[in-house]
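Accompanying notes for the structure given below.
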Amino acid sequence: MGIINGLRPLEELFSRNDGYPTASSTIQANTERSVYELFKEVKDDQTVDQVKLDRDTHIEYVRNSLDGLNRYFVILDASKPWLCYWMFHSLDLLGYEIGSDLIKRGISTISKMQNKTGGFGGGPGQISHAAVTYAAINTLAILGTKEAYDLIDRDNLYKWFLKLKQPDGSFIMHEGGEVDIRGTYCVLSAATLTNLVTPELTAGTAEWIKRCQNFDGGIGGEPGIEGHGGYAFCGLASMEMMGKSDMLDIPLLLHWASSLQMQVEGGFQGRPNKLVDGCYSFWVGALFPVLEAILTRQRYKKNEPDEENLGYVAQSLFDREALQEYILIACQYPRGGLIDKPKRSPDHYHTCYCLSGLSTSQNHVIYDIEEEMEKGVTNPGARSLLWAEDIAGTFVIGDPENLVKATHPIHNITLPQVQKIIEYFYGNNIDSSK
């Protein structure tokens with residue numbers, strides 16, 4: 001449907017208040033106005049079909065950053081694997097061929113952050129942390145060579161994962177650190193890609209995540225915490241990796257997630273009554289292909305696969321056109337990189353997740369329910385391989401060349417890179433448990 005050529009005029013979409021503005025309502029109104037002005041210009045010029053992804057400019061922005069960052073990036077000294085992941089994933093989504101020199105440099109950089117006790121730190125000599133370990137392993141998966149895979153010390157990585165595991169099934173982010181559902185996702189995603197998921201690792205985890213779901217359907221960082229788009233993704237993706245998604249209240253989560261798409265902007269907010277942010281194009285947007293798989297699986301389990309028009313149920317659960325409008329019209333920075341909202345500066349985090357959200361809204365990535373049910377697939381690696389592109393469901397606004405590669409809705413690296421790393425670590429045992 002979209003916003004620009006939607007059923008209602010743009011001027012009728014603005015949020016209404018009670019006439020007593022607050023600081024937050026004023027910021028919301030200003031954000032809506034800034035997006036409206038960009039949308040109105042495109043609508044008045046009748047140029048929606050000409051909207052273009054500035055691919056080469058964004059590639060240049062990222063590629064230059066791989067050669068060196070200015071001194072202000074010292075604030076991210078403990079996030080070096082994240083910077084590598086954000087940049088390499090952005091390039092991969094954009095179709096840039098990562099050459100052998102960059103691959104060698106990437107492997108060399110990540111190697112300096114692996115600790116002998118297991119896991120990766122945010123920089124050389126820094127303690128291992130679940131989040132940057134996830135980013136490091138995703139980076140190595142994108143680089144995609146045997147040398148990259150063999151860098152991972154799986155024995156000590158698994159031992160370190162168990163040190164993060166708590167008696168209630170949750171995970172802490174680092175030894176002596178805080179419990180956080182993001183740590184659970186980072187551990188399970190890394191373990192899934194490297195064939196380290198065991199009953200010992202996941203004992204009690206699904207039950208703990210279930211406790212993180214709130215009355216409104218959202219999922220918080222731990223039980224009793226407000227729901228959040230990033231937490232919800234981590235919780236749902238973790239449940240899907242474990243094959244435990246039905247433990248959640250899926251209809252309520254779907255209602256909560258769909259309410260986060262903004263009526264003027266078309267992008268997503270991370271929590272109710274917050275501002276739109278381009279990064280939630282993925283964190284919230286990626287909930288929908290997973291929810292689609294769950295809802296479709298539930299219908300198959302009810303013996304309904306022969307019903308007319310069963311198909312995959314969720315393409316219309318969010319407005320794919322509106323999200324693409326927001327990313328392409330409001331989030332592209334003229335000199336390269338993507339931003340969270342108009343009048344902001346680009347950074348590699350938002351470049352990565354805006355592009356990941358663009359991928360999710362353009363490509364229809366579906367889960368092979370029939371294959372899972374016919375073979376009784378339970379192995380998390382094998383489950384990850386059941387995701388594939390439905391080419392007929394591809395939907396691109398503007399220039400047809402705007403299409404980026406399809407990203408995996410669980411791991412957020414491109415589908416071929418997921419397949420390569422899983423086949424490497426699972427070998428001929430892909431259809432069996434570790």
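Being a predicted model, the structure only gives us computed values, none of them experimental. Starting from 1, each residue takes its place in the sequence as its number.
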If you take all heavy atoms of [X] and [Y], which pair is closest and at what distance?
X: Phe282; Y: Ser356; value: CD1-CB, 3.7 Å
X: Ile294; Y: Ser245; value: CD1-CB, 3.5 Å
X: Val35; Y: Val264; value: CG1-O, 4.4 Å
X: Asn138; Y: Asn412; value: ND2-O, 4.3 Å
X: Tyr300; Y: Glu370; value: OH-OE2, 3.4 Å
X: Asn214; Y: Gly227; value: ND2-N, 3.1 Å

Give, for atom [atom1] of [X] and atom [atom2] of [Y], the distance between the pair rounded to the nearest 0.5 Å.
X: Ser258; Y: Phe288; atom1: OG; atom2: CZ; value: 5.5 Å
X: Thr205; Y: Met242; atom1: OG1; atom2: CE; value: 5.5 Å
X: Leu355; Y: His89; atom1: CG; atom2: NE2; value: 8.0 Å
X: Met113; Y: Ile110; atom1: CE; atom2: CD1; value: 4.5 Å
X: Asn115; Y: Asp153; atom1: CG; atom2: CG; value: 10.5 Å
X: Leu143; Y: Ser100; atom1: CG; atom2: OG; value: 11.5 Å

Salt bridge (Lys or Arg N to Asp or Glu O under 4.0 Å) contacts touching [range] (sequence neighbours left out):
range: residues 341-360; result: Asp340-Arg344
range: residues 393-405; result: Lys52-Asp399, Asp92-Lys405
range: residues 225-253; result: Glu226-Arg271, Glu240-Arg297, Glu240-Arg383, Asp246-Lys301

Self-check item: Phe171, Trp82, Phe120 screened by ring pair (Phe, Tyr, Trp, His ring centres under 6.0 Å) with Tyr134, the one that passes
Solution: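 Result: among Phe171, Trp82, Phe120, Trp82 is the only option passing the ring pair (Phe, Tyr, Trp, His ring centres under 6.0 Å) with Tyr134.
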
Side-chain donor/acceptor of [X] to backbone N/O of [Y], under 3.5 Å:
X: His408; Y: Ser384; value: yes
X: Glu372; Y: Val377; value: no
X: Gln261; Y: Gly266; value: yes
X: Lys43; Y: Ile4; value: yes
X: Thr198; Y: Leu201; value: yes
X: Asp368; Y: Ala388; value: no
X: Gln126; Y: Gly121; value: no
X: Gln332; Y: Asp54; value: yes
X: Glu147; Y: Ile107; value: no
X: Gln324; Y: Phe395; value: yes

Do the non-hydrogen side-chain atoms of [X] and [Y] ever get within less than 4.5 Å of each other?
X: Arg63; Y: Leu102; value: yes
X: Thr133; Y: Trp160; value: yes
X: Glu292; Y: His364; value: yes
X: Phe425; Y: Arg154; value: yes
X: Thr296; Y: Tyr367; value: no
X: Leu91; Y: Leu66; value: yes
X: Met241; Y: Thr202; value: no
X: His228; Y: Trp283; value: no

Quiz item: Residues in side chain to side chain contact (heavy atoms under 4.5 Å, CB included) with Arg55, at least two apart?
Solution: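 Leu53, Ile59, Leu94, Val404.
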
Exercise. Apply side chain to side chain contact (heavy atoms under 4.5 Å, CB included) to Met1 and list each qualifying residue two or more places apart in sequence or on a separate chain.
Key: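 Testing Met1 for side chain to side chain contact (heavy atoms under 4.5 Å, CB included), a comparison that skips the adjacent residues, returns Leu7, Asp319.
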
With sequence neighbours excluded, what pairs up with [X] under the salt bridge (charged side-chain N to carboxylate O under 4.0 Å, His left out) test?
X: Glu371; answer: Lys375
X: Asp45; answer: none
X: Arg182; answer: Asp180

Self-check item: Working for side chain to side chain contact (heavy atoms under 4.5 Å, CB included), residues Val396 and Gln362
Solution: CA-CA 5 Å; Val396 179; Gln362 292 176 337; 4.1 Å; yes

Quiz item: Just wondering, are more than 12 heavy atoms of other shown residues or ligands nearer than 6.0 Å to CD in Gln46?
Solution: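 For Gln46, atom CD is not crowded (no more than 12 foreign heavy atoms under 6.0 Å).
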
Exercise. Answer yes or no: does atom CG of Asn273 have more than 12 heavy-atom neighbours from other residues, nucleotides or ligands under 6.0 Å?
Key: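 It does not: Asn273 CG has 12 such atoms or fewer within range.
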
Self-check item: Stepwise side chain to side chain donor-acceptor pair (under 3.5 Å) check, Glu265 with Gln28
Solution: CA-CA 11 Å; Glu265 302 93 309; Gln28 173 61 30; 3.3 Å; yes

Practice problem: Indicate the ring-plane relationship of Trp86 and Tyr353, choosing parallel, tilted or perpendicular according to the 30° and 60° boundaries. | Solution: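 The rings of Trp86 and Tyr353 stand perpendicular, inter-plane angle above 60°.
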
Self-check item: Chi angles and distances behind the side chain to side chain contact (heavy atoms under 4.5 Å, CB included) call for Thr407, Leu415
Solution: CA-CA 6 Å; Thr407 196; Leu415 293 171; over 6 Å; no

Atom pairs and distances, side-chain donor-acceptor, residues 230-237, under 3.5 Å, sequence neighbours left out:
none

Quiz item: Does the distance from a Lys or Arg side-chain N to an Asp or Glu carboxylate O, for Asp67 and Arg105, drop under 4.0 Å?
Solution: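 A salt bridge is present here (some side-chain N lies under 4.0 Å from a carboxylate O).
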
Practice problem: Identify, with sequence neighbours excluded, every residue that meets side chain to side chain donor-acceptor pair (under 3.5 Å) alongside Thr139. | Solution: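 None.
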
Practice problem: Applying side chain to side chain donor-acceptor pair (under 3.5 Å), name anything that partners Gln419, two or more places apart in sequence or on another chain. | Solution: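 Scan of Gln419 (side chain to side chain donor-acceptor pair (under 3.5 Å), adjacent residues dropped) gives Glu423.
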
Quiz item: Which pairs pass ring pair (Phe, Tyr, Trp, His ring centres under 6.0 Å) with one or both residues in residues 44-75, sequence neighbours excluded?
Solution: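 Qualifying pairs: Tyr61-His348.
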
Quiz item: Where do Glu32 and Ser15 land on the side chain to side chain donor-acceptor pair (under 3.5 Å) test, with the steps shown first?
Solution: CA-CA 8 Å; Glu32 290 180 350; Ser15 299; 2.5 Å; yes

Quiz item: Stepwise, does the side chain to side chain donor-acceptor pair (under 3.5 Å) test hold for Lys104 with Ser108?
Solution: CA-CA 6 Å; Lys104 290 178 182 178; Ser108 175; over 6 Å; no

